[in-house]
Amino acid sequence: MVRLPRFWIRLLPALLAAVAVWWGLRPWNPPLPYRLGDVPTRDLVARVGFSLADPRGTQQARNLARQNTPRAYRNQPQPLIQVRQELLQKLRQLTDANSWEEVPPALWNEFQPHAQAGAAEEPPTREQEEERFEQFRHHLLQAARKSGSLEQALARVLQPLERQGLLKALQHQGANRSEIYVIPPDGGQRLRVPVSRVLIGEQSQEGSWLHRQLKNDPALAPVADALFAFLRHRLAETLSLDRAETLRLEQQAARRVPDRIIHYQPGQLLAPALVPLNEEHLELLRTEHRAWVVRLWQQGELWPRIFGLLGCVLGVLLLVGAYALRRCPQLWKTRTRYLAFLVLATASIPAGVYLYADPWRAELVPVLLLVVVTALAFGRQFGLIVALAASALIMLALDTSAGEFLLLLGVTGTVVLLLGQVRSRMRLLQISSIAALMATTITLLVAVVEYAPMDRYLVFRALHAALAPLAAGFLLTGLLPVIERVFDVLTDLKLLELGDNSHPLLQQLIRRAPGTYNHSIHVAALAEAAAEAIGARGLLVRVGAYFHDVGKMVEPKYFIENQQRGAPNCHDTLAPKVSTLAIIAHVRDGVVLAQQHGLPEPIIDLIRQHHGTTLVRYFYDRACRQAQEEDETVLEEEYRYPGPRPQTKEAAILMLADAVESASRTLKEPTPAQLANLVEIIASDKLQDGQFDECDLTMRQLDLIKASLVKSLVAMYHGRVKYPGQEESQAERQPPPGTAAEESRSREPESRPGSGGSEAETTLSLVRSPKA
């Protein structure tokens with residue numbers, strides 16, 4: 001199986017991520033660099049000719065079509081049919097009469113127009129009435145002969161009136177009032193009828209359509225006035241508004257109206273300068289932008305942009321990768337973290353471009369997520385580099401103004417700079433609030449520079465810019481456990497959880513090796529103060545100190561802090577090499593226990609590195625004395641810890657604090673001068689032994705660490721006032737000279753086999769020569 005070199009294992013995923021980012025930016029389809037509420041600094045004109053549907057004009061035309069559509073009325077002609085039958089019956093009575101005397105006066109008056117109108121004229125004589133009657137009867141009989149029957153003659157004139165119906169008054173408002181549709185009772189073909197022909201008030205007047213129909217009929221013309229006099233007061237309403245059919249006709253008329261199209265020419269104004277863009281402006285700009293992109297494709301002008309943006313993405317990748325190789329080695333520490341970072345960057349940058357069209361400044365959310373996760377996982381300096389790179393790529397992809405770049409970089413940079421120690425979830429919300437204030441400020445300042453009007457649109461844009469960091473803060477608060485797990489990030493919140501005494505591993509240490517736990521608490525206090533003095537992660541060192549000696553609880557009897565005073569020391573019966581192996585094993589056992597309990601890798605590194613490759617001097621000297629007596633050779637490498645040496649400042653601080661705390665316990669009545677001398681000796685010994693060669697600890701920082709350790713030790717061993725009688729009590733408890741207890745006590749400070757490290761032995765061998 002062919003194995004790729006380590007360089008290509010790193011480079012290939014990065015190149016694939018760069019191509020994915022480039023593809024996600026869609027260089028072949030440049031996005032519109034405007035959104036709702038933006039204020040253009042110049043007049044925006046059409047670059048190409050295009051056509052745009054006019055929805056407002058279309059809607060107006062369709063509304064007009066609905067207004068002009070005649071309303072539908074349903075006809076029920078039965079009342080008019082009854083009037084025709086009544087007329088036919090009374091005409092037959094008149095034609096059946098042999099003389100005028102046989103006609104009832106009331107019946108004859110119904111056919112007299114002037115009598116019904118109430119005209120004030122001299123009444124006709126008997127002879128005149130008889131003459132009129134004879135003429136009327138004669139004309140009726142002639143009409144019957146011409147039409148076949150009198151019924152057919154009346155039907156020919158009145159049936160059209162019955163088909164179109166009659167109406168007292170229109171039953172609709174605000175629409176077409178000149179025509180209506182009449183729907184017959186059987187639901188057949190509807191008729192389009194002028195309103196003047198269906199209003200009863202207009203049909204009951206002389207000269208109306210009905211009157212003209214009677215006049216124009218050849219058979220009924222001689223008696224038209226008499227027939228109209230009978231009909232005019234008997235016309236009945238037969239039409240009623242059909243709302244469902246009317247609505248259907250309106251919709252049908254609206255659908256027949258074609259869409260209105262507006263044609264724009266190149267150079268035509270689309271949006272004026274210094275006026276906030278509204279929805280109408282944006283629709284114009286979007287349509288023009290699509291037409292412009294199509295023209296670019298047709299003319300082949302997009303290819304330079306496509307390859308140019310690919311070059312920019314690769315260039316940014318090269319710069320970020322070069323910085324990471326030199327300044328951010330933790331990015332390559334594990335393949336999972338590296339790939340997770342690439343996936344996050346690949347998703348966040350195109351998402352920022354895609355969300356730019358949203359007026360709520362949503363593009364800030366994915367960029368903030370990317371930058372904050374980067375700062376938490378790989379340091380704030382690398383987070384700033386990623387913020388700069390992401391802001392530049394988004395600005396290039398959007399082809400927008402420098403104001404957007406300033407907003408992205410200002411907000412993300414503010415968050416990274418404030419993201420020092422996040423020891424509570426409320427801290428994330430506080431940082432988000434400050435970032436929101438920064439976003440509002442930058443938005444207002446950019447608006448002032450670009451001469452944007454100070455109106456409510458600007459206020460809305462500033463508020464929108466503030467909401468995005470707040471939303472990102474709440475989102476990050478909820479996603480923080482996921483981020484810690486995926487990116488193996490050891491945040492201060494996680495450290496605070498690990499540093500709780502209720503942790504199962506610490507509880508086991510308390511029960512099985514209480515002396516070691518007490519030693520770890522003191523080391524934690526010393527190390528945290530020293531780390532804070534040089535700007536290192538004090539909380540990380542403190543929590544690491546809690547766990548640095550957990551391996552001692554596997555065999556606590558080999559370590560003197562867990563042995564009972566006066567009890568025999570188990571190392572007295574062991575060979576120096578065996579004792580050394582027992583002492584050194586606590587580092588390996590501690591790493592195994594930490595891994596079993598799921599401790600983060602930085603804590604495990606502190607456990608593994610807190611002794612470095614130091615020499616277990618007590619047992620080495622003891623082995624040398626035995627070998628000298630037996631004329632043998634002792635290898636120093638066999639009495640050193642396996643390492644590695646401290647790789648970080650935190651590990652170096654923990655090494656010094658552990659050594660100083662152990663050695664300080666060998667001093668009977670420590671004074672500040674003795675403690676300062678002790679710290680100086682231990683630090684010099686570690687430095688000369690090369691334990692700090694693999695971490696970036698400077699001499700200036702080492703001096704600050706030593707000063708902090710001395711200060712903490714002096715505070716730890718400060719003097720107390722002795723109460724009356726205390727001196728006598730101590731004298732009574734002093735063992736008599738020459739006893740075994742006195743001999744054991746006097747030897748203990750000089751020989752602390754099994755103390756868990758070489759600190760006390762090294763210090764004593766340097767301060768004063770060991771006893772033979």
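From a predicted model like this one, the values you see are computed outputs, not experimental measurements.
- Closest heavy-atom contact between Ala527 and Val541: CB-CG1, 3.0 Å.
- Leu393 contributes atom CG, which lies 12.0 Å from atom OG of Ser348 (distance to the nearest 0.5 angstrom).
- Contacts of Glu650 classified as salt bridge (Lys or Arg N to Asp or Glu O under 4.0 Å), with partners at least two apart in sequence or in another chain: none.
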TODO: Any chance you could lay out the side chain to side chain contact (heavy atoms under 4.5 Å, CB included) test for Thr477 and Met426, step after step, and finish with the verdict?
DONE: CA-CA 9 Å; Thr477 302; Met426 185 58 66; over 6 Å; no
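- In this structure, Asp43 contributes its side chain and Pro272 its backbone to no donor-acceptor pair below 3.5 Å.
- Under a 3.5 Å cut-off, the side chain of Gln701 and the backbone N or O of Thr698 do form a donor-acceptor pair.
- Looking only at distances, a side-chain donor or acceptor of Thr614 sits under 3.5 Å from a matching main-chain atom of His611.
- Across all their heavy atoms, Leu364 and Pro469 have their closest contact at CD1-CD, 4.3 Å.
- Looking at heavy atoms from C-beta onward, Leu479 lies out of side-chain contact with Val373 at the 4.5 angstrom threshold.
- Inter-residue side-chain proximity for Phe487 and Leu344 is flagged as met; some heavy-atom pair is nearer than 4.5 Å.
- Scanning both residues, Pro27 and Arg305, for their nearest heavy atoms gives O-NE, 3.1 Å.
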Output side-chain donor-acceptor pairs under 3.5 Å for residues 405-419, partner residues at least two apart or in another chain, one line each.
unit_1, atom_1, unit_2, atom_2, d
Thr412, OG1, Leu408, O, 2.6
Thr412, OG1, Leu409, O, 3.3
Thr414, OG1, Gly410, O, 2.6

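- Looking at Arg700 and Leu704, their side chains come closer than 4.5 Å, going by heavy atoms from C-beta outward.
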Task: Check against side chain to side chain contact (heavy atoms under 4.5 Å, CB included), Met438 and Ile442 - done: CA-CA 6 Å; Met438 178 62 69; Ile442 294 176; 3.8 Å; yes
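- The local environment of CD in Glu497 is crowded, with over 12 non-hydrogen atoms from other residues, nucleotides or ligands closer than 6.0 Å.
- Counting non-hydrogen atoms of neighbouring residues, nucleotides and ligands closer than 6.0 angstrom, the CH2 atom of Trp28 exceeds 12 such neighbours.
- The local environment of OH in Tyr354 is sparse, with at most 12 non-hydrogen atoms from other residues, nucleotides or ligands closer than 6.0 Å.
- A distance-only check finds no donor-acceptor pair linking the side chain of Arg645 to the backbone of Gln691 [under 3.5 Å].
- Between atom CG of residue Leu493 and atom CG of residue Leu498 there is a gap of 11.0 Å, rounded to the nearest 0.5 Å.
- In this structure, the separation between CG on Leu526 and CD on Glu528 is 10.5 Å, given to the nearest 0.5 Å.
- By the side-chain contact (heavy atoms from CB on, under 4.5 Å) test, Phe474 pairs with Leu429, sequence neighbours left out.
- For Leu318, the side-chain contact (heavy atoms from CB on, under 4.5 Å) test picks out no residue, with sequence neighbours left out.
- Under the 6.0 Å cut-off for aromatic ring centres, His522 and His548 do not qualify, their centroids lying 6.0 Å or more apart.
- Residues Pro646 and Met655 form a side-chain contact, since some pair of their non-hydrogen atoms from C-beta on lies under 4.5 Å apart.
- Between the NE2 atom in His464 and the CG atom in Leu36 there is a gap of 8.5 Å [rounded to 0.5 Å].
- Residues passing the ring pair (Phe, Tyr, Trp, His ring centres under 6.0 Å) test with His503 are Phe547, sequence neighbours excluded.
- For Glu363, the side chain to side chain donor-acceptor pair (under 3.5 Å) test picks out Arg35, with sequence neighbours left out.
- With contacts defined as side-chain heavy-atom distances shorter than 4.5 Å, the pair Gln647/Glu694 qualifies.
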Using residues 505-514 as the side-chain source, report each donor-acceptor pair under 3.5 Å to any protein atom, sequence neighbours left out, with the distance given to one decimal.
unit_1, atom_1, unit_2, atom_2, d
Gln507, NE2, Asn501, O, 2.5
Arg512, NE, Met553, O, 3.4
Arg512, NH2, Met553, O, 3.1

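- Formation of a donor-acceptor pair under 3.5 Å by the Arg337 side chain with backbone atoms of Ala377 is found in this model.
- In this structure the side chain of Leu656 reaches within 4.5 angstrom of the side chain of Phe692, judged on heavy atoms.
- Shown here for Gly612 and Tyr641, the closest heavy-atom pair between the two residues is O-CB, 3.3 Å.
- With Ser708 contributing its side chain and Ala530 its backbone, the two residues share a donor-acceptor pair below 3.5 Å.
- Between the CG atom of Leu709 and the CD1 atom of Ile653 there is a distance of 8.5 Å, given to the nearest 0.5 Å.
- The side-chain heavy atoms of Val39 and Val275, taken from C-beta on, include no pair separated by under 4.5 Å.
- His610 approaches Asp658 most closely through the heavy-atom pair CD2-OD2, 3.5 Å.
- Ser664 pairs by the side-chain contact (heavy atoms from CB on, under 4.5 Å) definition with Leu675, Leu678, Leu713, Tyr717, not counting sequence neighbours.
- In this structure, the separation between CG on Asp500 and CG on Leu496 is 9.5 Å, given to the nearest 0.5 Å.
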If you look only at distance, which donor and acceptor atoms sit under 3.5 Å apart when one is on a side chain in residues 592-607 and the other is two or more places apart or in another chain?
unit_1, atom_1, unit_2, atom_2, d
His597, ND1, Leu593, O, 3.0
Asp605, OD1, Arg608, NH1, 3.1
Asp605, OD2, Lys333, NZ, 2.9

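- Ion pairing between Lys552 and Asp589 fails under the 4.0 Å rule for side-chain N and carboxylate O.
- Residues that satisfy the side-chain contact (heavy atoms from CB on, under 4.5 Å) test with Val486, not counting sequence neighbours, are Ala340, Val482.
- Residues forming a salt bridge (Lys or Arg N to Asp or Glu O under 4.0 Å) with Lys706 (at least two apart in sequence, or on another chain): Glu680, Asp703.
- Looking only at side-chain heavy atoms (C-beta outward), Thr516 and Val550 stay at 4.5 Å or farther from each other.
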TODO: Mind running side chain to side chain contact (heavy atoms under 4.5 Å, CB included) on Leu654 and Gln609 for me, showing each step along the way?
DONE: CA-CA 9 Å; Leu654 180 58; Gln609 299 169 17; over 6 Å; no
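- Taking the six-membered ring for Trp and the full ring otherwise, the centers of Phe378 and Phe341 sit less than 6.0 Å from each other.
- Here the closest heavy-atom approach between residue Leu342 and residue Ala14 is recorded as CD1-N, 3.8 Å.
- Glu283 pairs by the salt bridge (Lys or Arg N to Asp or Glu O under 4.0 Å) definition with Arg286, not counting sequence neighbours.
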Task: Derivation of the side chain to side chain contact (heavy atoms under 4.5 Å, CB included) call for Leu697 and Thr648 - done: CA-CA 8 Å; Leu697 191 66; Thr648 61; over 6 Å; no
Open item on the list: Apply salt bridge (charged side-chain N to carboxylate O under 4.0 Å, His left out) to residues Asp492 and Arg427 and explain how you reach the verdict.
Closed with: CA-CA 11 Å; Asp492 287 353; Arg427 177 60 179 167; over 6 Å; no
